[in-house]
Undergrad: 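Please see the structure below; I have some questions.
Both counts, for ligands and for their atoms, begin at 1 and track the order of listing.
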Amino acid sequence: MPSPARVAVAGVGNNVSALAQGIRYYADLGAQGVPEHAFPGVRRPRIGGLAVHDVDLVAAYDVQPEKVGRDLADAIFQAPNNYPRLDVEVPRGVVVEPGIATEEEAREGIGRITESLRASAAEVFLYSLPTGMQWAASAYAEAALAAGAAFVNCTPETVGRDQEMLGRYVSAGAPLLGDDLASHFGTSILHRAILALFAERGITLESSYQLNLGGNEDFRNLRERGSSKRESKLNALAQEGVPLDKVDVVPSAGYVPLLHDNKVAYVNVEGVGWAATPVSLDLKLRVQDSSNAAGVIIDLVRIAAAARRTGDKGFITAAAALLKSPPGGHSVYTGQEIFASFHALARTGTA
Ligand SMILES: NC(=O)c1ccc[n+]([C@@H]2O[C@H](COP(=O)([O-])OP(=O)(O)OC[C@H]3O[C@@H](n4cnc5c(N)ncnc54)[C@H](O)[C@@H]3O)[C@@H](O)[C@H]2O)c1
């Protein structure tokens with residue numbers, strides 16, 4: 001059995017709360033004798049030999065005074081985080097360190113975070129800051145590169161799609177997975193499938209939109225800093241036969257605190273069928289927003305750790321369908337190539 005993946009996190013928000021608690025949830029299920037293939041909500045019980053609970057969070061960085069200096073097991077419950085408290089014990093012993101707070105301190109900060117990543121022997125650095133902070137995404141990616149860790153970008157900021165950065169990760173022999181995670185069962189994946197179905201059935205698309213509402217920090221932030229997310233969400237919908245000029249997405253159509261960490265999304269699709277008669281579809285989706293992120297982060301960090309262990313570098317094809325904006329866009333990765341990439345990672349199984 002491989003040793004657990006060592007993962008450091010930048011941004012101790014709801015995503016990390018859902019990840020840290022979820023890992024314990026599955027560890028407890030395993031300890032109760034529940035077989036991994038029967039774990040609820042898990043698509044891939046093992047990646048590169050790693051189970052969903054074979055992930056240790058070994059370092060964490062944030063800038064919020066209520067989180068910095070606290071044990072990660074407590075920091076994940078500090079407001080404005082509002083992912084629910086599960087009935088699990090998150091392991092103690094990782095104290096949240098100060099992150100890189102401003103662009104001006106990036107130079108000093110990169111050196112400091114690099115040292116810390118090395119000291120914690122992190123194999124993977126998970127970037128999970130608020131959307132819209134390109135300078136921060138670049139700075140944390142520099143730190144991971146200098147420390148020789150793999151980088152996973154949860155946000156729509158350009159890191160994995162940056163050819164220059166990707167080339168430097170290849171030269172350094174480290175994996176770089178980005179950009180922007182595609183939620184487990186989110187609006188993008190649902191909207192993409194419906195648009196594909198319209199095209200496949202020959203219904204001519206007239207117009208379509210998606211509206212997303214939520215009550216967590218991400219939705220509050222996206223009201224003001226949603227432009228990179230909008231672009232990334234459109235990347236997620238891009239596919240043959242779908243005229244994107246007829247599609248609109250609103251990343252945060254409203255911040256509704258009463259929804260807490262739930263997301264409510266509405267998808268509308270209007271088309272015409274035989275003899276130009278109308279076909280109209282309206283859907284409502286409601287999900288626990290940050291579980292929806294963690295359910296995919298767990299695959300991305302296992303892919304990154306397994307790839308690093310096998311010596312695979314740069315973008316790892318297995319991650320393509322788990323991201324909204326992989327390098328080159330979705331059309332360059334076939335299902336067969338993605339399957340083969342997962343298969344190749346299996347060779348770390350005994351590492
Ligand atoms: N389903 C999903 O939840 C989903 C899906 C796709 C992408 N994402 C993206 O993942 C990212 C994280 O989401 P979240 O819900 O955890 O957000 P969040 O707002 O709950 O957490 C972000 C954390 O980053 C910290 N932070 C801010 N500036 C920082 C800095 N300079 N250095 C270190 N830490 C800093 C904040 O204090 C906060 O703790 C967002 O960009 C979001 O758009 C989320």
Undergrad: Taking atom 32 (N) of ligand 1 as the point of reference, which of Tyr140, Tyr83, Tyr127 owns the nearest heavy atom?
TA: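 Of the listed residues, Tyr140 has the closest heavy atom.
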
Undergrad: Specify side chain, backbone, both or neither for Lys263, according to which of its non-hydrogen atoms lie closer than 4.0 Å to ligand 1.
TA: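 Lys263 to ligand 1: no contact under 4.0 Å from either part.
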
Undergrad: Is any N or O atom of Glu217, backbone or side chain, closer than 3.5 Å to an N or O atom of ligand 1?
TA: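 No: no nitrogen or oxygen of Glu217 is under 3.5 Å from one in ligand 1.
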
Undergrad: N/O of Asn14 under 3.5 Å from N/O of ligand 1, yes or no?
TA: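 Yes, since at least one N or O of Asn14 sits under 3.5 Å from an N or O of ligand 1.
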
Undergrad: For Ala10, is at least one N or O under 3.5 Å away from an N or O on ligand 1?
TA: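 No, there is no polar N/O contact under 3.5 Å.
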
Undergrad: Taking N or O atoms only and a 3.5 Å limit, does Asp180 qualify as a polar contact for ligand 1?
TA: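 The answer is no, given that Asp180 and ligand 1 share no N or O pair closer than 3.5 Å.
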
Undergrad: Distance to 0.1 Å, residue and atom name: give those for the protein heavy atom nearest to atom 9 (C) of ligand 1.
TA: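 Result: Cys154 O, 3.7 Å.
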
Undergrad: For ligand 1, is Asn216 a contact, meaning one of its heavy atoms is under 4.0 Å away?
TA: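 No; Asn216 lies far enough from ligand 1 that no heavy-atom distance drops under 4.0 Å.
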
Undergrad: Is the contact between Val16 and ligand 1 made by the side chain, the backbone, both, or neither, using heavy atoms and a 4.0 Å cut-off?
TA: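 Near ligand 1, Val16 shows nothing, with every heavy atom at 4.0 Å or more.
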
Undergrad: Is His184 in contact with ligand 1, taking contact as a heavy-atom separation below 4.0 Å?
TA: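 In this structure, His184 fails to qualify as a contact of ligand 1 - no heavy atom is under 4.0 Å.
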
Undergrad: Run the salt-bridge test on Lys233 and Asp180 with the 4.0 Å N-O cut-off and return the result as yes or no.
TA: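 No.
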
Undergrad: When you look at CG of Asp282, are more than 12 heavy atoms from neighbouring residues, nucleotides or ligands closer to it than 6.0 Å?
TA: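 Buried by this count: over 12 neighbours within 6.0 Å.
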
Undergrad: Could you tell me whether Glu108 and Arg112 make a salt bridge, using a distance below 4.0 angstrom between a side-chain N and a carboxylate O?
TA: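 Yes, this pair counts.
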
Undergrad: Check ligand 1 against Asp218 and write out every atom of the ligand that is under 4.0 Å from a heavy-atom position of the residue.
TA: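 Reading through ligand 1 atom by atom, the close ones are 15 (O), 40 (C), 42 (C), 43 (O), 44 (C).
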
Undergrad: Could you tell me whether Ser183 approaches ligand 1 through its side chain, its backbone, both or neither, with non-hydrogen atoms closer than 4.0 Å?
TA: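 The answer is the side chain.
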
Undergrad: Give the numbers and elements of all ligand 1 atoms closer than 4.0 Å to a heavy atom of Asn15.
TA: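 Counting atoms of ligand 1 from 1, those under 4.0 Å from Asn15 are 3 (O), 10 (O), 11 (C), 12 (C), 13 (O), 14 (P), 15 (O), 16 (O), 44 (C).
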
Undergrad: For atom 18 (P) of ligand 1, what's the nearest protein heavy-atom neighbour? Residue, atom name and distance, please.
TA: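 Looking at atom 18 (P) of ligand 1, the protein heavy atom closest to it is Gly13 CA, 4.0 Å.
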
Undergrad: If you measure every N or O of Trp135 against every N or O of ligand 1, does any of those distances drop under 3.5 Å?
TA: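 No, there is no polar N/O contact under 3.5 Å.
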
Undergrad: Is it true that Arg302 and Asp54 have a side-chain N and a carboxylate O under 4.0 angstrom from each other?
TA: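 Salt bridge between Arg302 and Asp54, a charged N being under 4.0 Å from a carboxylate O: no.
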
Undergrad: Give me the residue, atom name and distance of the protein heavy atom closest to atom 37 (O) of ligand 1.
TA: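 Heavy-atom neighbour on the protein nearest atom 37 (O) of ligand 1: Asp62 OD1, 2.6 Å.
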
Undergrad: Using a strict cut-off of less than 4.0 Å between a Lys/Arg side-chain nitrogen and an Asp/Glu carboxylate oxygen, indicate whether Glu157 and Arg225 qualify as a salt bridge.
TA: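 No, Glu157 and Arg225 are not salt-bridged.
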
Undergrad: Out of Asn292, Thr131, Leu129, indicate the one that has the non-hydrogen atom closest to atom 11 (C) of ligand 1.
TA: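 The nearest heavy atom belongs to Leu129.
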
Undergrad: If you measure every N or O of Ala136 against every N or O of ligand 1, does any of those distances drop under 3.5 Å?
TA: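 Ala136 vs ligand 1: no N/O contact under 3.5 Å.
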
